[in-house]
Amino acid sequence: MGRMVLVKCNCGYCDERFRFGVNWSYREVKKHQTALARSGRYGMKWKNLLASDPELLVDAELHLYQCPRCHQLFSEYRMDLYKSLHDDGFYYVPSEEEILYHYKHLCPNCKKLMTRIPLSQQHGLVGINNSEELVICPKCGDTAIAEFCGWTD
């Protein structure tokens, strides 16, 4: 199942709309995101790469990204391209070694390259190195806490 993340700060900022991981519909989401990439939605480079190599697969796992300029947070599909002998098309998430092309996530507001927040799935919480202090608050710029707040279907 996918996870919901609550991001909160002492300034009063609180947002629980962030999702990460995969859920029961991953296979359908992956097919849909692959079709969008093949149509050019994720740029001509992805369209051409997928057209030239039918063995390339799209990683449609949700991740949390943050803009380094405006600090806005976004849940987005990873969209990296990879090859794998182990992918059963269902819940398979590729290792870093299998990824051949990394998608560049740009902030919709600033157009700056966003940073992926590496969320841990241990102990029901999220964190970098088991720390909850993950992100910069989009409202005040201080450190905000990201924590597990539920499951998605």
Side-chain angles (χ1 to χ4, degrees), residues 1-37 41-43 45-46 49-50 56-84 86-87 89-153:
M1 296 190 84
R3 294 174 180 237
M4 298 292 294
V5 176
L6 170 70
V7 177
K8 60 184 177 181
C9 181
N10 289 334
C11 74
Y13 175 84
C14 185
D15 196 335
E16 61 182 40
R17 67 186 163 94
F18 304 110
R19 300 178 299 144
F20 81 100
V22 298
N23 62 22
W24 63 270
S25 64
Y26 181 69
R27 183 174 16 192
E28 294 306 314
V29 168
K30 187 174 180 175
K31 284 181 188 176
H32 180 71
Q33 292 302 316
T34 300
L36 290 175
R41 167 99 191 290
Y42 290 98
K45 180 177 180 180
W46 255 226
L49 285 168
L50 287 166
L56 282 175
L57 301 166
V58 173
D59 180 1
E61 182 182 22
L62 279 167
H63 282 268
L64 185 63
Y65 292 86
Q66 185 164 41
C67 176
R69 178 184 282 168
C70 69
H71 307 300
Q72 291 300 308
L73 293 158
F74 301 91
S75 284
E76 293 191 358
Y77 297 107
R78 191 160 179 190
M79 297 307 296
D80 292 339
L81 301 181
Y82 68 99
K83 286 186 183 182
S84 175
H86 309 291
D87 191 335
F90 198 56
Y91 283 117
Y92 186 80
V93 177
S95 67
E96 285 297 321
E97 293 79 32
E98 292 173 306
I99 295 173
L100 300 175
Y101 304 99
H102 290 277
Y103 184 75
K104 294 179 180 172
H105 292 265
L106 301 179
C107 175
N109 303 325
C110 302
K111 308 302 181 218
K112 287 287 187 187
L113 182 63
M114 293 194 294
T115 302
R116 182 170 58 93
I117 307 298
L119 299 173
S120 169
Q121 297 189 26
Q122 296 178 345
H123 311 300
L125 297 175
V126 297
I128 298 173
N129 299 326
N130 294 324
S131 168
E132 292 181 335
E133 298 179 52
L134 292 176
V135 297
I136 299 170
C137 176
K139 183 177 176 184
C140 73
D142 283 343
T143 301
I145 295 173
E147 61 188 9
F148 170 75
C149 69
W151 302 98
T152 63
D153 292 338

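Each residue takes its place number in the sequence, starting with 1.
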* **Criterion salt bridge (charged side-chain N to carboxylate O under 4.0 Å, His left out) on R116 and E96, from CA distance to verdict** => CA-CA 14 Å; R116 182 170 58 93; E96 285 297 321; 3.6 Å; yes
* To do: Under the side-chain contact (heavy atoms from CB on, under 4.5 Å) rule, what do Y42 and L36 come out as? Steps first, then yes or no, please.
  => CA-CA 7 Å; Y42 290 98; L36 290 175; 4.0 Å; yes
* To do: Give the C-alpha distance, both sets of side-chain angles, the deciding distance and a yes or no for side-chain contact (heavy atoms from CB on, under 4.5 Å) between L81 and I99.
  => CA-CA 6 Å; L81 301 181; I99 295 173; over 6 Å; no
* Would L100 and L56 count as a side-chain contact (heavy atoms from CB on, under 4.5 Å) if you check the C-alpha gap in whole Å, the side-chain angles of each, and the deciding distance to 0.1 Å? -> CA-CA 9 Å; L100 300 175; L56 282 175; 3.9 Å; yes
* **N10 vs D142, side-chain contact (heavy atoms from CB on, under 4.5 Å): CA-CA, chis, key distance, verdict** => CA-CA 9 Å; N10 289 334; D142 283 343; over 6 Å; no
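A pairwise comparison of heavy atoms in W46 and M79 identifies NE1-O, 2.7 Å as the closest pair. Of all the heavy atoms in M114 and C107, the pair that sits closest is CG-N, 3.6 Å. Smallest separation of non-hydrogen atoms from E76 and Y65: O-CE1, 3.7 Å. Looking at every heavy atom in both residues, L57 comes nearest to S84 through CD1-N, 4.5 Å. Of all heavy-atom pairs spanning L50 and T34, the tightest one is CD1-O, 4.3 Å. C137 and C11 get closest at one heavy-atom pair: SG-SG, 3.7 Å.
Between L6 and D15 the shortest side-chain heavy-atom distance does not fall below 4.5 Å. In this structure the side chain of P138 never reaches within 4.5 angstrom of the side chain of C70, judged on heavy atoms.
Looking only at distances, no side-chain donor or acceptor of H71 sits under 3.5 Å from a matching main-chain atom of K139. Looking at D80, its side chain does come within 3.5 Å of a backbone N or O of Y103 through a donor-acceptor pair. Without hydrogens or angle criteria, S75 side chain to F18 main chain gives no donor-acceptor distance under 3.5 Å. In this structure, Q66 contributes its side chain and I136 its backbone to a donor-acceptor pair below 3.5 Å.
Look at K8 and E16 and you find no salt bridge, because none of the NZ, NE, NH1 or NH2 atoms lies under 4.0 Å from a carboxylate O.
Listed by chain and number, the residues in a ring-ring contact (aromatic ring centres under 6.0 Å, His included) with Y77 amount to none (sequence neighbours excluded). Applying the ring-ring contact (aromatic ring centres under 6.0 Å, His included) rule to H63 yields no partners; only residues at least two apart in sequence or on another chain are considered.
A distance of 8.5 Å separates CD1 in I145 from SG in C9, rounded to the nearest 0.5 Å.
Applying the salt bridge (charged side-chain N to carboxylate O under 4.0 Å, His left out) test to pairs two or more places apart or on separate chains, none has a residue in residues 98-113.
Looking at E61 and Y26, their side chains never bring a donor and an acceptor atom within 3.5 Å of each other.
Remark: H102 NE2 is packed, more than 12 non-hydrogen atoms of other residues, nucleotides or ligands lying under 6.0 Å away.
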